[in-house]
Student: 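The structure is given below, and queries will be raised subsequently.
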Number of protein chains: 2
Amino acid sequence: MSKRRTDGRPTIADVAALAGVGAITVSRALRDPSLVSDMLREKIDIAVRELGYVPNLNARALASTRSDVVGVLVPSLTQHIFADVLRGIYDGIGHTRLHIQVGNTRYDLDEEERLLAELLRHKPAGLIVSGIDQNAASRRMLEKANCPVIQIMDLSDNPVNKIIGFSHHNAAKAMTRHLIEVGYRRIGFLSGWMNSRSKGRLSGYVEALEEAGIFDPRLTNAAGDLGALALRGSWDKHQYSTPAMGRELISELWNREPRMDAVFCNNDVLALGALFECQARDLSVPNDFGIAGFNDEDFMEAASPAMSSVRTHRWTVGHDAVIALRRQLDGEPDDERIVDVGFDIVKRASTDRRAQPLRDDDAAAPAVALQQTRAAGDDR
Amino acid sequence: MSKRRTDGRPTIADVAALAGVGAITVSRALRDPSLVSDMLREKIDIAVRELGYVPNLNARALASTRSDVVGVLVPSLTQHIFADVLRGIYDGIGHTRLHIQVGNTRYDLDEEERLLAELLRHKPAGLIVSGIDQNAASRRMLEKANCPVIQIMDLSDNPVNKIIGFSHHNAAKAMTRHLIEVGYRRIGFLSGWMNSRSKGRLSGYVEALEEAGIFDPRLTNAAGDLGALALRGSWDKHQYSTPAMGRELISELWNREPRMDAVFCNNDVLALGALFECQARDLSVPNDFGIAGFNDEDFMEAASPAMSSVRTHRWTVGHDAVIALRRQLDGEPDDERIVDVGFDIVKRASTDRRAQPLRDDDAAAPAVALQQTRAAGDDR
DNA sequence: CTGTTAGCGCCTTCAC
DNA sequence: GTGAAGGCGCTAACAG
């Protein structure tokens, strides 16, 4: 009667015994078949199959002081943008040995710190974290983490290691300029709860309007001080947007400034709400009122009228983050610490004052114009 | 010169030495403080802090033949419903020691099998898998998995262990009946690619219409044989829906049967597309045409007109799955193998022929009626 | 290319 | 309530 406390499943030693080789040879054959001669590899394969052997990753991770888990920290699971980032990450992982462990920080820096500490206990193979506004403790953990760290969805001069994203400020500024160019003059900014990236967008919006000499603080539902935003309405605690929220917030802006003739929305969901509100008020978009969103989700193109938006390359960001991670794990040098994936200004009917407001059977047709900020990879 | 191959971080032995106790006492103090006397516990706490000790979860998992990873298999990351399920799962996990590892099967049973095999290598603490249509190999793995297994988002008489979900057939049937009740007679079924749950919904739709004696196969864009669906359009490979897809598919149905007076959509995103198409065609919803969706996502209530939908309790499903898992891990008995969380038929303006088609400033007002199939928990 | 030896860090077992 | 001994399954290190 042995005192083994195994769960009965075959181990690498069993495979080795059956194949008539050493355990380490089995180990090598499993991890990198090229390290083992054809003959032994074949014997081992047969033994593995016969025994139904399954490697124990916990043992592997312990012995090699390195797991195959990639920790991913996102601030939200409900927002479509992060779902797209995750899709890119999964697509980048493909059928490699790497596994994803997602932590949901809910835009809470303390929670992020806690999740990071938890992740580190697994000795992750790599880390992908959203944004650049980690707290000091998190930042320290990332810097001392014994693995590649990729920050995503924003830009910074001072990334922990590598950052892949785009400038929210520039993107918002470009879209606001477009609204100005087509003739809108009293352009509002519609936003619910503001995270650090939203603030970047707000500042881009403000800058564009100030440069045109038409900035009016009453047209944003954020307070004048762009740092400490005092939001109105009953939505100030909600960290995700809904179309209902868009309807209420735009109504609020109209109450304050009835002459508002367009809105730039912090995200597409709010823009959809704004459109519904215009429809309910029988306002013609874009003639009476212009609407632009941010992210260019699916529904923007299909809406009636089709809506303008800033296309962001979420999939690319997630995908490229994983590719960079894998490169680093493979020991390839990576000198490009800051990667700007850019954005596109997609101009559609909702901001095209010259568009006929009659019918738009062909909303699925190409965008009216597409102004690229830089070449971007395949985004789907 | 030692030949240690540690990464230099303190171990439980270091803590034990500093605290002047045995290693196992430290281990116990960390896992369940009540197992250790107050005095030693305090000493240990101090030593832990002084050393900045962090447990190595890989070692723990190896020694205990059980990790703290909960494997979750979902067919899609992009669809909102699964984002909601995941949110429920994360909320159910809270600050426990459990970690989530999500696998994205992309509605591919082989991929599901592969991911399951991968997950099992981690000796997971538990598994949560979507649906009931696993292939034989997956089913076998689930049955032999040495941990609790919860299936979600559907119902079955024969779950692996426990299942938490609702009847897609009944839900669709109830909504179709509602459409019949308010007077629609030529009711279409709008769907893109069909998964097994979509098929359940289709069968419920068909049954309701057959019972009313008004089923017409030309009104679904699925072929007559409900098992092997031959979809039209260019969308038949897309496993997610878009509003653009909704617009194209409904147009296709109209081409085939111009007298169609309502659609029941397989999901809300298609319903949104249908609404946009109606708007583009200047059709009055609900008077000229009725639209109902499935899931009751945020935008259904905010739409103009507000749209009817079947509210499903995705958050609850995810949350309760984790709670059940935790109970089982705590050794509490769980005799309820099949849990039906039900659904609600939410009737709004888009199917209310008596509604005034003028304005609907108060789309955010309570639904016209809410028909519950059973009491449901807090869903947000 | 292959094997031997020993260690990864924690936990189970069993004795005290 | 506490501790000593040894195993969990795999792989780094070095030799051959």
Side-chain angles (χ1 to χ4, degrees), chain A residues 1-44 48 51-68 97 120-123 125 146, chain B residues 1-44 48 51-68 97 120-123 125 146:
Chain A
M1 63 179 293
S2 79
K3 29 154 88 177
R4 302 193 98 224
R5 33 198 179 82
T6 167
D7 56 359
R9 334 245 297 105
T11 73
I12 215 170
D14 298 325
V15 176
L18 184 59
V21 300
I24 189 64
T25 307
V26 176
S27 171
R28 287 199 269 252
L30 260 32
R31 278 174 300 156
D32 184 355
S34 73
L35 295 174
V36 172
S37 69
D38 287 357
M39 211 188 62
L40 290 193
R41 178 152 22 90
E42 208 162 305
K43 277 189 184 174
I44 290 170
V48 163
L51 261 35
Y53 168 75
V54 175
N56 181 329
L57 296 188
N58 299 131
R60 174 179 291 177
L62 176 58
S64 60
T65 63
R66 170 77 42 251
S67 77
D68 54 6
R97 62 180 186 85
L120 256 13
R121 298 176 172 208
H122 281 284
K123 310 276 174 186
N146 189 14
Chain B
M1 64 179 293
S2 80
K3 26 154 91 176
R4 304 194 95 226
R5 34 199 178 84
T6 166
D7 57 359
R9 333 246 298 105
T11 74
I12 217 170
D14 298 325
V15 177
L18 184 58
V21 300
I24 187 60
T25 307
V26 176
S27 171
R28 288 194 188 108
L30 260 32
R31 278 174 300 156
D32 184 354
S34 73
L35 295 174
V36 171
S37 67
D38 287 358
M39 210 189 63
L40 290 192
R41 179 152 22 89
E42 206 162 309
K43 277 188 184 175
I44 291 169
V48 163
L51 261 35
Y53 168 74
V54 175
N56 180 327
L57 296 187
N58 299 131
R60 175 179 290 178
L62 175 59
S64 61
T65 63
R66 170 80 38 253
S67 77
D68 54 6
R97 62 179 187 86
L120 256 14
R121 298 176 173 207
H122 281 285
K123 311 277 175 187
N146 188 15

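Below, read A as the first sequence line, B as the second, and so on, with proteins coming before strands; counting in each chain starts at 1.
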Student: Counting C-beta onward and ignoring hydrogens, is there a side-chain heavy-atom pair between Leu18(A) and Val15(A) closer than 4.5 Å?
Tutor: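 Counting from C-beta outward, Leu18(A) and Val15(A) never come under 4.5 Å.
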Student: Between Gly22(B) and Asn56(A), name the one whose nearest nucleotide on DNA chain D is closer to the 5' end.
Tutor: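 Nearest nucleotide further toward 5': that of Gly22(B).
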Student: What distance do Lys123(B) atom NZ and Ser64(B) atom OG have between them, rounded to the nearest 0.5 Å?
Tutor: 11.0 Å
Student: Give the rounded distance in Å between these two atoms: CG of Leu40(A) and C1' of dT2(C).
Tutor: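 Value for this atom pair: 8 Å.
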Student: Nearest whole angstrom, please: distance from the P of dT4(C) to the CD1 of Ile12(A).
Tutor: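 Spelled out: CD1 on Ile12(A) to P on dT4(C) is 14 Å.
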Student: Less than 4.0 angstrom between a side-chain N/O of Ser27(A) and OP1 or OP2 of dT11(D), yes or no?
Tutor: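 Checking Ser27(A) against dT11(D): at least one side-chain N or O falls below 4.0 Å of OP1 or OP2.
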Student: Could you pull out all residues at least two apart from Asp38(A) that satisfy salt bridge (charged side-chain N to carboxylate O under 4.0 Å, His left out)?
Tutor: Arg41(A)
Student: To the side chain of Ile24(A), which of dC10(D), dC10(C), dA12(D) is closest?
Tutor: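 The nucleotide sitting nearest to the side chain is dA12(D).
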Student: Given atom CG of Asp68(B) and atom P of dC11(C), what is their separation to the nearest angstrom?
Tutor: 11 Å
Student: Rounded to whole Å, please give me the gap between CG in Asn58(B) and P in dT11(D).
Tutor: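 That distance rounds to 12 Å.
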Student: So which one's nearest nucleotide on DNA chain D is more toward 5', Ala59(B) or Thr25(B)?
Tutor: Thr25(B)
Student: Which nucleotide, dC10(C), dG9(C), dG3(C), lies nearest any side-chain atom of Val21(A)?
Tutor: dG3(C)
Student: I need the NE2-C1' distance between His122(B) and dC10(D), as an integer number of Å.
Tutor: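 Nearest whole value for this atom pair: 15 Å.
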Student: Mind checking whether Asp68(B) and Arg60(B) have side chains closer than 4.5 Å, heavy atoms only?
Tutor: no
Student: Report the distance from atom CG of Leu62(B) to atom P of dC10(C), rounded to the nearest whole Å.
Tutor: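 Leu62(B) atom CG is separated from dC10(C) atom P by 11 Å.
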Student: Please list, in numerical order, the residues of residues 28-37 of chain B that have a heavy atom closer than 4.0 Å to any atom of DNA chain D.
Tutor: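 Arg28(B), Leu35(B), Val36(B), Ser37(B), in order of number.
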Student: Using a 3.5 Å cut-off and no angle test, enumerate the donor-acceptor pairs between side-chain atoms of residues 51-59 of chain B and protein atoms at least two apart in sequence or in another chain.
Tutor:
unit_1, atom_1, unit_2, atom_2, d
Asn56(B), OD1, Asn58(B), N, 2.8
Asn56(B), OD1, Ala59(B), N, 3.1

Student: How close or far is atom C1' of dC8(C) from atom CZ of Arg9(B), stated in whole angstroms?
Tutor: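 The distance from CZ of Arg9(B) to C1' of dC8(C) comes to 14 Å, rounded to the nearest Å.
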Student: Are the side chain of Ser67(B) and the backbone N or O of Ala61(B) linked by a donor-acceptor pair below 3.5 Å?
Tutor: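 Flag not set: sc Ser67(B) to bb Ala61(B) has no pair under 3.5 Å.
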Student: Just list the side-chain donor-acceptor pairs under 3.5 Å for residues 23-31 of chain B, sequence neighbours left out, or say none.
Tutor:
unit_1, atom_1, unit_2, atom_2, d
Ser27(B), OG, Arg31(B), NE, 3.4
Ser27(B), OG, Arg31(B), NH2, 2.9
Arg31(B), NE, Ser27(B), O, 3.3

Student: Of the nucleotides dC8(C), dT11(D), dC11(C), which one has an atom closest to the side chain of Ala23(A)?
Tutor: dT11(D)
Student: Just the rounded figure in Å: distance from P of dT12(C) to CZ of Arg66(B).
Tutor: 12 Å
